[in-house]
J.: 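Below you'll find the structure I mean.
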Amino acid sequence: MISGVLKLRMSKLLMPTLREVPAEAEIASHRLMLRAAMMRKVAAGIYSYLPLGFRVLQKIMQIVREEMDAAGGQEVLLPIVQPAELWHETGRWDDYGEEMFKLIDRHERQFCLGPTHEEITTALVRNEVRSYRQLPLMLYQIQNKYRDEIRPRFGVMRGREFIMKDLYSFDRDEEGLDKSYWTMFHAYERIFARCGLTTRPVEADSGAIGGDQTHEFMALADAGEAEIVYCSSCDYAANVEKAECLTPPAEPTGREEPLVEVATPDVRTIEDLEKFFNRPASEMIKTLIYRGGDQVVAAVLRGDHEVNEIKLARAIGCLEVELADDKTIEEVTGAPRGFAGPIGLKHCKIITDPAVMAIEGGIAGGNAVDVHLQGVKPGRDFVPDKVVDIRKAQPGDPCPCGKGVLQGARGIEVGQVFKLGTKYSEPLGATFTDEDGVERPLIMGCYGIGISRTMAAIIEQCHDDDGICWPISVAPYHVDIVPVSYRDEQQRTTAERIYRELTKAGVEAVIDDRDERPGVKFKDADLIGFPLRITVGPRGLADGQVEIRWRATGEEYLISLNEVVSHVQDRITRAIAESECVRTQ
RNA sequence: CGGGGCGUAGCGCAGUUUGGCUAGCGCGCCUGCCUUGGGAGCAGGAGGUCGGAGGUUCAAAUCCUCUCGCCCCGACCA
């Protein structure tokens with residue numbers, strides 16, 4: 001067994017590292033995954049994993065597997081190719097739309113490449129689960145997923161093919177679901193901690209998938225695509241898509257300003273207005289015309305605030321809204337884009353954010369070319385159809401808890417937990433029979449982890465100018481043994497001996513037997529990011545020593561030949577144990 | 001889908017504006033010598049339908065038309 005392992009030599013390992021940065025890569029993880037020979041691109045958003053990258057993926061998958069099993073999950077493997085009928089049953093064949101990879105077989109039957117597996121799992125369970133005695137049930141798989149993203153980007157971060165762990169829970173009631181939900185929540189905390197990631201669970205919007213409660217696990221990173229806010233004094237943390245806002249405090253001045261028209265040639269944006277009137281954006285009243293379903297609405301916000309389209313959609317009771325086109329704007333406001341205001345709108349509801357109501361002498365569009373109104377007082381000059389929170393939370397806002405202030409951060413969504421309820425079990429007819437012989441729909445939850453995205457997120461958090469610094473738990477190999485010159489007999493035999501003994505001791509080691517100059521081997525070691533490097537060279541050997549160097553900390557020291565194996569084995573074993581010993585709540 | 005940009009050797013690029021020698025350079029690759037503590041040096045060599053198709057021309061990487069792919073910004077997004 002060991003002898004087989006020992007055949008792995010760097011001279012034969014497929015690890016074509018790149019000196020130069022591929023032009024297509026923008027962010028660190030993408031760049032480094034290409035440079036360190038973890039993967040290669042096949043098409044936009046589609047990648048092949050090379051031996052080193054695949055080992056990392058397997059490490060992550062193994063951690064996920066262990067924690068899912070420990071939480072009571074049962075692993076299955078569901079198909080990638082899925083029949084259209086199933087998706088018609090839930091209505092998602094159309095809802096998912098363009099993002100679904102669709103295909104047709106030789107009999108003209110329609111299929112898709114699974115973007116997710118609620119339908120398949122629920123269909124499986126409806127056929128096989130009958131009784132409350134079989135519940136709760138948690139099924140999971142680690143499988144490729146396919147989404148024809150409009151714009152794949154950042155390497156594996158937003159790919160069209162990606163690896164995901166998805167678990168589905170089936171409970172008899174809400175209480176059971178709640179239990180499953182928090183079991184998964186805590187398992188996720190353990191998984192990401194074990195992967196060496198700093199993550200933050202945040203409240204999120206449940207989006208098209210539906211359901212009541214959901215948290216996203218965000219790996220904090222500047223390269224992240226998601227914006228989050230969190231409170232400085234309480235536990236509140238949320239995706240800005242969801243984050244609630246308190247109205248910033250405003251003391252009424254009791255000031256009454258008359259409403260006047262002001263000629264504002266070519267002044268359209270909030271920035272223009274600030275300059276023109278020499279007043280802050282917080283005294284501007286911004287009016288955006290939106291279309292949602294058959295409705296046209298005016299979203300009225302303070303000039304320094306941004307609209308949260310999800311909240312707006314909810315406020316008017318539709319699934320999504322989009323900014324109205326120029327024609328609609330003209331019909332509603334009677335003016336071209338840039339001069340909309342809340343006063344005198346035609347055939348359109350006015351939805352106003354509470355922050356606007358505190359403005360006393362605001363500046364708003366005049367619904368006519370080159371005209372703005374000054375001295376606008378909401379309530380006096382226009383009456384909203386609805387006053388409701390429709391703005392995007394931003395750093396500096398008061399936290400809903402009333403005490404703290406919201407801080408901003410960016411994150412990579414590496415996991416999400418959802419309470420689905422009966423959203424899929426009902427349309428698919430997945431039911432069970434309870435003690436009273438009553439047939440009820442299963443109460444479901446679903447829980448995803450982006451495996452490949454997690455790999456990228458780890459690199460975003462763990463790298464420096466020289467390359468990746470893998471946490472020991474996910475490193476492709478623990479130790480890289482580098483003889484300064486493999487041709488030198490003493491160095492070669494010493495390095496080989498250490499390699500053999502470490503491998504026998506269960507330490508994952510590679511030996512760099514390439515006939516390269518030391519600089520090349522050191523650079524590759526740093527780039528690939530092995531946690532530990534053992535250098536076997538003439539300097540140390542003269543005193544019967546080799547050099548130890550830890551990648552992440554730069555810690556460096558000499559150790560004698562007869563201690564090196566036990567020392568390394570000991571430190572590696574301890575480091576692994578530490579990574580596994582994460583706090584449980 | 002809208003806006004911008006790019007396709008020339010495995011990677012990074014020059015050449016295209018103003019058509020004209022055998023299409024270049026650096027890195028990598030192969031052979032040999034030499035060298036071995038942070039991406040060495042010398043010598044020799046291989047590797048290209050210049051993304052593809054059509055057109056203009058005596059002549060096209062270069063000009064025109066169409067097409068495909070890729071990247072960035074936006075919209076979009078379990």
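Chain letters run A, B, ... following the sequence lines, proteins first and then strands; every chain starts at 1.
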J.: With both distances kept under 3.5 Å, what pairs with B/G39, Watson-Crick or G-U wobble?
T.: none
J.: Which part of the nucleic acid, if any, lies within contact of A/Gly155, taking any heavy atom under 4.0 Å across all strands shown: a base, the sugar-phosphate backbone alone, or nothing?
T.: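 The residue A/Gly155 makes no contact with any strand.
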J.: If you measure from the C1' atom in B/U62 to the same atom in B/G55, how many Å do you get, rounded?
T.: 15 Å
J.: Using ring centroids (six-membered ring only for Trp), state whether A/Tyr447 and A/Tyr188 fall under 6.0 Å.
T.: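 Ring-ring flag for A/Tyr188/A/Tyr447: false, centres at least 6.0 Å apart.
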J.: Indicate whether OP1 or OP2 belonging to B/A40 is found under 4.0 Å from a side-chain N or O atom of A/Arg517.
T.: yes
J.: If the condition is side chain to side chain donor-acceptor pair (under 3.5 Å), which residues does A/Arg31 pass it with, not counting sequence neighbours?
T.: none
J.: Please say whether more than 12 non-hydrogen atoms of neighbouring residues, nucleotides or ligands are located less than 6.0 Å from CG in A/Asp222.
T.: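 Atom CG in A/Asp222 is not packed in, count stays at 12 or less.
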J.: Starting at CE of A/Met157 and ending at C1' of B/C77, how long is that distance when rounded to a whole Å?
T.: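 Rounding to the nearest Å, CE of A/Met157 and C1' of B/C77 are 15 Å apart.
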J.: For the side chain of A/Arg487, starting at C-beta, report the closest nucleotide among B/G39, B/U35, B/C73.
T.: B/U35
J.: Answer with base, sugar-phosphate or nothing: what part of the nucleic acid does A/Arg549 contact at a heavy-atom distance below 4.0 Å?
T.: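 Answer is base: heavy atoms of A/Arg549 come under 4.0 Å of a base.
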J.: Relative to the 5' end of RNA chain B, which residue comes earlier, A/Pro152 or A/Arg35, by the nucleotide with the nearest heavy atom?
T.: A/Arg35
J.: For B/C30 versus B/C72, give the span between their C1' atoms, rounded off to a whole number of Å.
T.: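 Nearest-Å result for B/C30 against B/C72 at atom C1': 38 Å.
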J.: Of all the nucleotides listed (B/C72, B/A75, B/C77), which has the minimum atom distance to the side chain of A/Ile150?
T.: B/A75
J.: Starting at atom CD of A/Glu516, determine the distance to atom C1' of B/G28, rounded to an integer number of angstrom.
T.: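 Rounded to the whole Å, the gap is 10 Å.
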J.: Once rounded to the nearest 0.5 Å, what's the spacing between atom SG of A/Cys195 and atom CE of A/Met455?
T.: 11.5 Å
J.: How far, in whole Å, is B/C63 from B/U16 if one measures between their C1' atoms?
T.: 10 Å
J.: Please name all residues satisfying side chain to side chain donor-acceptor pair (under 3.5 Å) with A/Glu489, sequence neighbours left out, ordered by chain then number.
T.: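 Result, side chain to side chain donor-acceptor pair (under 3.5 Å) vs A/Glu489: none returned.
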J.: Can you confirm whether the side chains of A/Tyr486 and A/Glu496 place a donor and an acceptor under 3.5 Å from each other?
T.: yes
J.: Base, backbone or nothing for each nucleotide of nucleotides 4-16 of chain B, written B, S, -, heavy atoms under 4.0 angstrom, 5' to 3'?
T.: -------BSS---
J.: For RNA chain B, whose closest nucleotide is more 5', that of A/Arg160 or that of A/Gly537?
T.: A/Gly537
J.: In this structure, how many angstroms lie between the C1' atom of B/G39 and the CG atom of A/Asp512, rounded?
T.: 13 Å
J.: How would you label the contact of A/Glu309 with the nucleic acid (heavy atoms, under 4.0 Å): base, sugar-phosphate, or nothing?
T.: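 Sugar-phosphate: the residue A/Glu309, judged by heavy atoms under 4.0 Å, touches backbone atoms but no base.
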J.: For a side-chain hydrogen bond (donor to acceptor under 3.5 Å, both in side chains) check, start with the C-alpha distance between A/Arg92 and A/Tyr424, then their side-chain angles and the critical distance, and finish with the verdict.
T.: CA-CA 10 Å; A/Arg92 288 213 290 178; A/Tyr424 297 94; 3.0 Å; yes
J.: Is the phosphate of B/C27, meaning OP1 or OP2, less than 4.0 Å from a side-chain N or O of A/Arg19?
T.: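 Checking B/C27 against A/Arg19, no side-chain N or O comes under 4.0 Å of OP1 or OP2.
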J.: With both distances kept under 3.5 Å, what pairs with B/G69, Watson-Crick or G-U wobble?
T.: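 Partner of B/G69: B/C6.
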J.: Check the distance between B/A75's P and A/Leu288's CG and give it to me in whole angstrom.
T.: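 Going from A/Leu288 (CG) to B/A75 (P), I get 14 Å.
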J.: Say we look at B/A14 and B/C50: how far apart would their C1' atoms be, to the nearest angstrom?
T.: 13 Å
J.: Take atom CZ of A/Arg492 and atom P of B/U36, then tell me their distance rounded to the nearest Å.
T.: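 Nearest whole value for this atom pair: 17 Å.
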J.: Is the phosphate of B/A75 approached by A/Arg151 (side-chain N or O, under 4.0 Å from OP1 or OP2)?
T.: no
J.: Across all strands, who's sitting opposite B/C25 as a Watson-Crick or G-U wobble pair, both distances under 3.5 Å?
T.: B/G12
J.: Answer yes if the side chains of A/Tyr146 and A/Asp148 hold a donor-acceptor pair under 3.5 Å, and no otherwise.
T.: no
J.: Pick the C1' atom in B/G4 and in B/A75, then give their distance to the nearest Å.
T.: 15 Å
J.: Mind checking if A/Glu98 touches a base, just sugar-phosphate, or nothing, with heavy atoms under 4.0 Å?
T.: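 Contact class for A/Glu98: none.
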J.: Find the distance A/Lys523:NZ to B/G38:P and express it as a whole number of Å.
T.: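 Taking atom P of B/G38 as the reference, NZ of A/Lys523 is at 10 Å.
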J.: Look at the rings of A/Tyr477 and A/Phe530 and say which category their plane angle falls in: under 30° parallel, 30 to 60° tilted, over 60° perpendicular.
T.: tilted
J.: Using atom P of each nucleotide, how far apart are B/G48 and B/G2 to the nearest Å?
T.: 38 Å
J.: Please give the distance between the P atoms of B/A61 and B/G24 as a whole number of Å.
T.: 13 Å
J.: Go through the side-chain N and O atoms of A/His186 and A/Glu189 and say whether any donor and acceptor fall under 3.5 Å apart.
T.: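 The criterion, which ignores hydrogens and geometry beyond distance, is satisfied for A/Glu189 and A/His186.
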J.: Can you list, in residue-number order, the parts of residues 217-229 of chain A that come under 4.0 Å of RNA chain B, counting heavy atoms only?
T.: none
J.: Counting any heavy atom closer than 4.0 Å, what does A/Arg533 reach on the DNA or RNA strands: base, sugar-phosphate only, or nothing?
T.: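 Touches a base.
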J.: When you compare the side chains of A/His117 and A/Gln143, does any donor N or O come within less than 3.5 Å of an acceptor on the partner?
T.: no
J.: With a 4.5 Å heavy-atom cut-off, do A/Val240 and A/Ile228 have their side chains touching?
T.: no
J.: Would you mind reading off the distance between A/Glu161 atom CD and B/C77 atom P, rounded to a whole angstrom?
T.: 23 Å
J.: Please name the nucleotide paired to B/C63 by Watson-Crick or G-U wobble geometry with both distances under 3.5 Å, or report none.
T.: B/G55
J.: Counting the atoms with a prime plus P, OP1 and OP2 as sugar-phosphate, which does A/Pro16 contact under 4.0 Å by heavy atoms, base, sugar-phosphate, or nothing?
T.: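 Result for A/Pro16 = nothing.
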J.: Mind checking if A/Asp526 touches a base, just sugar-phosphate, or nothing, with heavy atoms under 4.0 Å?
T.: base
J.: Before you tell me yes or no, could you show the steps for A/Leu18 and A/Leu527 under side-chain contact (heavy atoms from CB on, under 4.5 Å), namely the whole-Å CA-CA distance, both residues' side-chain angles and the distance that decides it to 0.1 Å?
T.: CA-CA 9 Å; A/Leu18 303 174; A/Leu527 179 60; over 6 Å; no
J.: Determine whether any donor atom in the side chain of A/Arg153 lies under 3.5 Å from an acceptor atom in the base of B/G74, or the reverse, and answer yes or no.
T.: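 By the distance-only test, no, there is no pair.
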J.: Going from CD1 on A/Ile63 to CD1 on A/Ile451, what distance comes out if it is rounded to the nearest 0.5 angstrom?
T.: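 Going from the CD1 atom of A/Ile63 to the CD1 atom of A/Ile451 covers 9.5 Å.
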J.: Is the NZ or CZ atom of A/Arg160 both under 6.0 Å from the centre of the six-membered ring of A/Phe101 and within 45° of that ring's axis?
T.: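 No, a cation-pi geometry is absent between A/Arg160 and A/Phe101.
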J.: Under 4.0 Å, counting only non-hydrogen atoms across every strand here, what does A/Lys41 touch: a base, just sugar-phosphate, or nothing?
T.: sugar-phosphate
J.: Given that both distances must come in under 3.5 Å, which nucleotide forms a Watson-Crick or G-U wobble pair with B/G44?
T.: B/C30
J.: Expressed as a whole number of angstroms, how long is the span from A/Arg291:CZ to B/A75:P?
T.: 20 Å
J.: Residues two or more places apart in sequence or in another chain: which of them pass side chain to side chain donor-acceptor pair (under 3.5 Å) with A/Arg65?
T.: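 Expected list: A/Glu75.
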J.: What integer number of Å spans the P atoms of B/A59 and B/G12?
T.: 35 Å
J.: May I ask you to list the residues of residues 476-485 of chain A, by number, that have any heavy atom positioned under 4.0 Å from an atom of RNA chain B?
T.: A/Val484, A/Ser485
J.: Counting only Watson-Crick pairs (N1-N3 plus N6-O4 or O6-N4) and G-U wobbles (N1-O2, O6-N3), all under 3.5 Å, who is the partner of B/G74?
T.: B/C1
J.: Counting any heavy atom closer than 4.0 Å, what does A/Asp166 reach on the DNA or RNA strands: base, sugar-phosphate only, or nothing?
T.: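 Answer is nothing: A/Asp166 stays at 4.0 Å or more from every strand.
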